[in-house]
Amino acid sequence: MLISGMAGVGKTTLAVHWADSVRERFPDGNLYVNLRGYDAESPLRPEHVLDSFLRALDVPAERISLDLDSRAALYRSILSDRCMVIVLDNARTAAQVRPLLPGSGRCAVVITSRSKLSGLVTRDDVHRIELDVLDRDAALDLLRRILGSSQVEDDLAGAEALIDHCASLPLALRIAADRAAAHPQRSLSDLAEELASESNRMETFTVDEDDASTVRVVFSWSYNALPVAAQRMFRRLGLHDGMDISISAAAALTGVTESEARKSLEYLVNAHLLEEPYGKRYQFHDLVRAYANERANAEEPRHERQDAVRRLLTWYLHHADQAARLFGPARRHVQIDSGERTQYTTAPISTHAEALNWYETERANLLAAVQQAAQEGENRLAWKIAASNRPYYHLRKIWNDWINSHQVALSASQKDNDARGLAWISNSLGVAYTSFRSFADARQHFTGALHMSQRLDDPYGEALALSCLGDVDWSTKKYNDALEHLDQAIQIWSRLKDRWGTAMTYRGLGRVHRDIGNLGQAVEHLREALEIYRTIDDPWGEGTILADLGRTYLRLEQLTEAIRALQDAVRSHREIGNLWQEAKTLHDLGEALDASGRPAEAQAARGRADDILEDFDSHSGTSTPPRDRNPQSGSQK
């Protein structure tokens, strides 16, 4: 079913209400996505939506291809025996929607769009419902529900004038009625007259042939009633490209304290110019966002808009960097220069759990921040924010955000001929492609990172690239090349006295020697790596080494040692939320338990692994429960 109509007419409200009303008829739950078809930034691409949907449907990351057609085929296969409601909100084109249709099966799909999407109707047998503005009786009923029958009937002419000025559009009427409810001492005729005079003033704005022009006057009416500080907050929020915003980020964007920001945000919520759907997170209706951006461009000098955006981007950089350091305190992190520092910092992110929660809450905004930084010409901020997000993408296997943000960052670095940015981002992309088993792409990026690091006379970057190339060689069974690259890396790490890099490379050497049959040497290298990781307090590294040791002991048929190492690895993975590695290690533990004649325990370990994979979506940035999943809501290098 396609619900089409102009912006603000109630398409999303109707779609969500219907989906909720038929919940019991679709026992396998709901999927919802805002396709952002008419946002100022690019609409969501179908391959990105499929990635989120497949994760919400408990598909392991390793099974999700980068290819759109493969993702669509897997999605349809999974939904063929499901009974679900799928809401595709705010679609722009048929091409954006078509890969998201489940095909045959018992799923119901509701699409909303400002466009008629005739291609879906003719080619895909989609039934279309067109919503229009409210007729006079329905508009009066809406006013009566908000204001009470007596206030409307006492000034029916004023109510009808108010409806006319709102063009009978539900969104505009709701805002106008709430304004009237807040001023019960004034008649509806007085409010309608005020709105009429505001309409004359708004003619100074450029009015395009778009849906927003019908409610621009109503927005202006509410905007002009705000305190000056709330007006400034409203305008600045229109400069933010992300999905939603926190109080702390809004304070940075506006250049005020968090207390002042909170007060202005509350004004906007009370005026129905801003929504607070959950947990002190704020977002615009897309029409209001467009209007806020319009006011910012009309009323604020360009340098003030640029300063506001830069403050917000540096806020994201500082917090992402703070979170990244908790994922690997001994690794090298991006250097924040003096011009990239900000005074707008919230309470410190002090634990791994807090860092993970922050990343997952800000996931969509972090991707938008990289894109906005590149668009604004803030190319160094673009690559540094992207690089600081890498640990989270790696942990959660979020391929689309990882690769797309880094491709944007790579282009931004190329514009400035920024060798350091190119080296950082090329290495990170190489890790992404290695994890995704796209080894030719990984080798190309690691080689680029190696050359850039040599050009910069950066031995750390050179050793990192060599170690990563060794990982690709091991993955592709080029063991001689792997040993050569890893030996070169270990020499540099030793000169630098860098313990994290040394441990990482010992792990690589251990895996190569295990696969070529030098099991004793493999255990020696892995134990050396384990000792270092424990010394530098790197639980991620410790967990991966314990798992590798367990697999090596299993090859040696030292089952007691294998089981102990794998059990310790499971605990380490669980402590930091490394769910994929926990599930993988539990399967290895099951193999070791089987080999030791403990089949019941082996079956229990595999069952726990399957439970983790089934529940993965609730920990991967899709925080809704399995029954009502919403996607809008990762080799270790």
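More than 12 heavy atoms of other shown residues, nucleotides or ligands fall within 6.0 angstrom of atom CD in Gln407. Residue Asn480 qualifies as open at atom CG: its count of foreign heavy atoms under 6.0 Å is 12 or below. Few gaps surround CG on Asp337; more than 12 heavy atoms of other groups in view lie less than 6.0 Å from it. Enclosure of atom CZ in Arg332 by more than 12 non-hydrogen atoms of other residues, nucleotides or ligands within 6.0 angstrom is indicated. Remark: Glu531 CD is loosely packed, at most 12 non-hydrogen atoms of other residues, nucleotides or ligands lying under 6.0 Å away.
With Gln581 contributing its side chain and His573 its backbone, the two residues share no donor-acceptor pair below 3.5 Å. At least one donor-acceptor pair under 3.5 Å links the side chain of Thr544 to the backbone N or O of Gly541. No side-chain donor-acceptor contact under 3.5 Å links Ser428 to the backbone of Trp424. Between the side chain of Asn518 and the backbone N or O of Gln521, no donor-acceptor pair lies under 3.5 Å. Not a single donor-acceptor pair under 3.5 Å links the side chain of His319 to the backbone N or O of Ala323. Between the side chain of Gln96 and the main chain of Leu44, a donor-acceptor pair closer than 3.5 Å is present. Here the side chain of Ser80 pairs a donor or acceptor atom with the backbone of Ser77 at under 3.5 angstrom.
Between Asp401 and Asp51 there is no side-chain heavy-atom pair separated by less than 4.5 Å. Under the 4.5 Å side-chain criterion, counting only non-hydrogen atoms from C-beta, Leu366 is in contact with Trp358. Residues Trp580 and Ser435 have side chains not in contact (no heavy-atom distance under 4.5 Å, counting atoms from C-beta outward). Counting heavy atoms from C-beta on, the side chains of Asn365 and Arg281 come closer than 4.5 Å. Looking at Arg551 and Thr585, their side chains come closer than 4.5 Å, going by heavy atoms from C-beta outward. Residues Met504 and Trp493 meet the side-chain proximity criterion, which asks for heavy atoms closer than 4.5 Å. Contact of the Arg36 side chain with the Met243 side chain is registered, since non-hydrogen atoms from C-beta on lie closer than 4.5 Å. The shortest distance between side-chain heavy atoms of His445 and Asn427 does not fall below 4.5 Å.
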Could you walk me through whether Leu549 and Glu561 satisfy the side chain to side chain contact (heavy atoms under 4.5 Å, CB included) test, starting with their C-alpha distance in whole Å, then the side-chain angles of each, then the deciding distance to 0.1 Å, before giving a yes or no?
CA-CA 9 Å; Leu549 267 173; Glu561 290 83 354; over 6 Å; no
Is there a side chain to side chain contact (heavy atoms under 4.5 Å, CB included) between Ser405 and Asn389? Walk through the geometry before answering.
CA-CA 9 Å; Ser405 67; Asn389 296 340; 5.5 Å; no
Carefully, step by step, assess Val472 and His485 under the rule side chain to side chain contact (heavy atoms under 4.5 Å, CB included).
CA-CA 10 Å; Val472 174; His485 282 130; over 6 Å; no
Residues Leu509, Asp487; criterion side chain to side chain contact (heavy atoms under 4.5 Å, CB included); working and verdict:
CA-CA 8 Å; Leu509 288 167; Asp487 285 340; 3.9 Å; yes
Is there a side-chain hydrogen bond (donor to acceptor under 3.5 Å, both in side chains) between Asp515 and Trp474? Walk through the geometry before answering.
CA-CA 9 Å; Asp515 283 7; Trp474 168 74; 2.9 Å; yes
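Taking 4.0 Å as the cut-off between side-chain N and carboxylate O, Asp416 and Arg380 do not count as a salt-bridged pair. By the 4.0 Å N-to-carboxylate-O rule, Arg325 lies close enough to Asp321 to be salt-bridged with it. A salt bridge links Asp594 with Arg606: the closest approach of a Lys/Arg side-chain nitrogen to an acidic carboxylate oxygen falls below 4.0 angstrom. Ion pairing between a basic and an acidic side chain is recognised when a charged N comes within 4.0 Å of a carboxylate O; Glu47 and Arg71 show no such pairing.
Atoms CD1 and CZ, from Ile532 and Arg527 in turn, are 15.0 Å apart once rounded to the nearest 0.5 Å. How far CD of Glu376 is from CG of Leu313: 7.5 Å, rounded to the nearest 0.5 Å. The line from CG of Leu566 to CG of Asp548 is 10.0 Å long, rounded to the nearest 0.5 Å. For the atom pair CD1 of Ile245 and CG of Leu312, the computed distance is 5.5 Å after rounding to the nearest 0.5 Å. Summarising the geometry, atom CG belonging to Leu519 is positioned 9.0 Å from atom CZ belonging to Arg514; distances are rounded to the nearest 0.5 Å. Distance check, rounded to the nearest 0.5 Å: OG1 of Thr535 to CZ of Arg499 gives 4.5 Å.
Residues Ala595 and Leu559 come closest through the heavy atom pair O-CD1, 3.5 Å. Heavy-atom minimum distance, Gly550 versus Ala562: O-CB, 3.5 Å. When all heavy atoms are compared, the tightest approach of Ala463 to Ala489 is O-CB, 3.6 Å. Between Pro539 and Ser572, the closest heavy-atom pair is O-OG, 3.0 Å. Across all their heavy atoms, His333 and Gly328 have their closest contact at NE2-O, 2.9 Å. The two residues Ala355 and Leu326 have their closest heavy-atom pair at CB-CD1, 4.0 Å.
Note: Phe436 and Trp399 have perpendicular aromatic rings, judged against thresholds of 30 and 60 degrees for the angle between ring planes. Ring geometry for Tyr75 versus Phe53: interplanar angle under 30°, hence parallel rather than tilted (30 to 60°).
Only one option out of Tyr393, Tyr316, Tyr392 pairs with Tyr359 in a ring pair (Phe, Tyr, Trp, His ring centres under 6.0 Å); it is Tyr392. When each of Asp473, Val512, Asp481, Leu469 is paired with Leu486, the side-chain contact (heavy atoms from CB on, under 4.5 Å) condition holds for Val512 and for no other.
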